[in-house]
Amino acid sequence: IEYDDSQQQVMRQRYHMLDELRKALQAEALSIALQPKVDIVTGAAVGFEALVRWQQDDGSMTPPSEFIPVAEAAGLISELDLFVLKKTLEAAHQLIQAGLRLPISFNTSSNDLLRPGYFDEMLKMVTASGLPFNLLELEVTETQAMIEYQHIATQLRKLLQLGMKVSIDDFGTGYSSLAHITELAASTLKIDQTFVARLGQSEGANHIIEMIMRLSDRFGFHVVAEGVETEQQRQLLIAKGCVVCQGYLFAKPMPVAQALEWAQHHIL
Ligand code: C2E
Ligand code: CA
Ligand code: CA
Ligand code: CA
């Protein structure tokens, strides 16, 4: 195969990034930011999501949207996610020490749950942390893979039995979401931010969110809306009965210490 200059450049950049990412993992140079989940009626904090952060030597941040796909393609994602889990468990202990019993969620790639190793190691780490399972939540994006592989559902069901929470991330974007809603091994559905962004502007988005609310009610899922940025979106979500939200309107992802401080001022 012949590559033109620009393709070669993209490949070189990816290799370089992968190399740097490996080094960053080894040096434990990645960190997490915590974004609050908020009760939008009262403004109270009800939980956090841990998001990976990669700061370069020059202080700039490389966004997850750039390096997560590279880590997935190179088979490095499970190691990365287990490192993030370690940081998440530390933060969970800090929250408890601060007197805040708020659950924290961590992200997984569907690759994690398809490969051997991740699940057992994750459970081992959580068990060794001594934290109550109900203060931890696994987020997994609903993909085609998730529906096809009964294996993933079996793992998620085991977590639910142990008392851990399970969220389906970006819900509504996979085409088979609705067809499979009765079989989902999950406690929570996270409404994808693209629907929230179009609230009030698109009848379609309004209807989809209303349908997700009705189905969740019917089948017993909690709902979290993501990417809430405006007061209008907040009002429309309240009107639809969606109480728990995440978004810049309430708080951006913050370093752990700052998130603890924030939470102290947002408890009922
Ligand atoms: P996600 O899990 O859907 O996370 C939500 C993303 O939306 C985060 O971006 C968050 O910072 C951003 N966000 C939160 N509120 C708002 C808002 O009001 N408006 C807008 N426009 N954006 C908002 P982030 O941190 O850049 O992460 C992007 C994606 O990278 C995540 O999407 C997730 O799929 C992936 N990711 C992040 N951390 C991890 C990780 O530790 N492991 C894995 N496997 N994936 C991760
Ligand atoms: Ca997520
Ligand atoms: Ca999401
Ligand atoms: Ca996502």
Side-chain angles (χ1 to χ4, degrees), residues 21 24-25 28-38 40 47-55 60-91 103-115 118-119 122 125 136-143 145-146 152 165-174 177 186-199 209 212 223-234 237 244-256 258-259 262:
L21 188 56
L25 264 172
E28 309 215 335
L30 300 178
S31 61
I32 58 169
L34 297 181
Q35 185 177 34
K37 298 178 185 177
V38 177
I40 58 173
F48 288 98
E49 175 177 6
L51 294 154
V52 67
R53 291 293 178 262
W54 185 13
Q55 185 168 24
S60 66
M61 305 295 288
T62 304
S65 58
E66 283 179 23
F67 63 89
I68 294 288
V70 173
E72 283 178 340
L76 197 63
I77 190 68
S78 293
E79 196 186 323
L80 187 154
D81 282 337
L82 289 169
F83 178 75
V84 169
L85 176 62
K86 184 175 121 180
K87 294 285 169 192
T88 303
L89 297 172
E90 288 169 12
I104 305 189
S105 63
F106 54 97
N107 288 280
T108 58
S109 151
S110 53
N111 289 359
D112 288 330
L113 299 171
L114 286 172
R115 292 217 183 96
Y118 172 85
F119 186 77
M122 182 264 290
M125 285 170 66
L136 294 165
E137 178 159 0
L138 181 143
E139 295 197 10
V140 59
T141 302
E142 192 220 32
T143 61
M146 214 186 120
I152 292 187
K165 299 183 181 77
V166 173
S167 275
I168 307 297
D169 213 343
D170 304 346
F171 187 77
T173 58
S177 318
S187 41
T188 305
L189 308 180
K190 295 189 81 172
I191 300 179
D192 190 64
Q193 41 186 281
T194 55
F195 299 121
V196 175
R198 301 199 323 256
L199 252 185
I209 293 179
I212 293 174
V223 179
V224 176
E226 294 189 299
V228 181
E229 293 182 348
T230 70
E231 180 56 28
Q232 190 207 16
Q233 289 164 352
R234 186 180 85 97
L237 286 162
V244 178
C245 292
Q246 261 177 293
Y248 297 164
L249 180 64
F250 313 104
K252 292 197 169 176
M254 296 172 271
V256 175
Q258 199 184 326
W262 184 94

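Counting convention: from 1, in listed order, for ligands and their atoms alike.
For Gln246, no heavy-atom contact with ligand 1 is shorter than 4.0 Å. Under 4.0 angstrom from ligand 1, the non-hydrogen atoms of Gln35 all belong to its side chain. The backbone of Val228, and not its side chain, has at least one atom closer than 4.0 Å to an atom of ligand 1 (non-hydrogen atoms only; backbone = N, CA, C, O). The proximity of Pro253 to ligand 1, defined as any non-hydrogen pair under 4.0 Å, is limited to the side chain. If you look at Asp169 next to ligand 1, the close heavy atoms, those under 4.0 Å, all belong to the side chain. At a 4.0 Å heavy-atom cut-off, ligand 1 touches Val52 through backbone and side chain alike. Contacts of Ile68 with ligand 1, taken as heavy-atom pairs under 4.0 Å, involve the side chain alone.
Residue contacts with ligand 1: Ser65 is placed with no nitrogen or oxygen under 3.5 Å of a nitrogen or oxygen of the ligand (distance criterion only). For ligand 1, none of its N or O atoms has an N or O atom of Gly247 under 3.5 Å away. Close N/O approach between Glu139 and ligand 1 is not found [any backbone or side-chain N/O within under 3.5 Å]. Between Asp112 and ligand 1, no N or O atom pair is found at a separation short of 3.5 Å.
Distances below 4.0 Å separate heavy atoms of Asp170 from the following atoms of ligand 1: 3 (O). Every atom of ligand 1 with a heavy atom of Pro64 under 4.0 Å away is listed here by number and element: 24 (P), 25 (O), 26 (O), 27 (O), 30 (O), 37 (C). For ligand 1 and Asn107, the ligand atoms under 4.0 Å from any heavy atom of the residue are 2 (O), 39 (C), 40 (C), 42 (N), 43 (C), 45 (N), 46 (C). Of all the atoms in ligand 1, the ones that sit under 4.0 Å from a non-hydrogen atom of Val84 are 41 (O).
For the pair Val244/Val38, no side-chain contact is recorded, criterion being any heavy-atom separation below 4.5 Å from C-beta on. Counting heavy atoms from C-beta on, the side chains of Gln233 and Leu249 never come closer than 4.5 Å. Looking only at side-chain heavy atoms (C-beta outward), Asp170 and Lys190 stay at 4.5 Å or farther from each other. With a 4.5 Å cut-off on side-chain heavy atoms, Glu28 and Phe83 count as touching. Side-chain contact between Glu139 and Ile168: absent, with no pair of heavy atoms (C-beta onward) separated by less than 4.5 Å. Looking at heavy atoms from C-beta onward, Ile77 lies in side-chain contact with Asp112 at the 4.5 angstrom threshold. A 4.5 Å side-chain heavy-atom check between Ile32 and Leu51 finds every atom pair outside the cut-off. In this structure, Phe250 and Cys245 have side chains that are in contact, with non-hydrogen atoms separated by less than 4.5 Å.
If you look at Asp170 and ask which of its N, O or S atoms sits nearest the Ca ion (ligand 3), the answer is OD1. Take the N/O/S atoms of Glu49: the one nearest the Ca ion (ligand 2) is OE2. Per residue Glu226, closest N, O or S atom to the Ca ion (ligand 3): atom name OE1.
Under the 6.0 Å distance and 45° angle rule, Lys252 counts as a cation-pi partner of Tyr248.
Computed with the Ca ion (ligand 2) at the centre, the Asn107 OD1 to Glu139 OE1 angle is 100°, stated to 10 degrees.
Ligand 1 is approached by Glu49 to a heavy-atom distance shorter than 4.0 Å. At least one heavy atom of Arg53 lies less than 4.0 angstrom from ligand 1.
Look at Asp169 and the Ca ion (ligand 2): an N/O/S atom of the residue is under 3.0 Å from the metal.
Comparing heavy-atom distances from atom 6 (C) of ligand 1 across Gln193, Glu226, Glu229, Glu66 singles out Gln193 as nearest.
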Problem set entry | side chain to side chain contact (heavy atoms under 4.5 Å, CB included) between Ile40 and Leu237, intermediate numbers included | CA-CA 9 Å; Ile40 58 173; Leu237 286 162; 4.0 Å; yes

For this session: Please assess Leu136 against Leu89 for the test side chain to side chain contact (heavy atoms under 4.5 Å, CB included), listing each intermediate value before the final yes or no.
Result: CA-CA 9 Å; Leu136 294 165; Leu89 297 172; 3.7 Å; yes

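Using a distance-only test at 3.5 Å, with no hydrogens or angles considered, no donor-acceptor pair links the side chain of Ser187 to the main chain of Lys165.
Atoms CD1 and CG, on Ile68 and Asn107 in that order, are 8.0 Å from each other to the nearest 0.5 Å.
Between the side chains of Glu49 and Gln35, not a single donor N or O lies within less than 3.5 Å of an accepting N or O.
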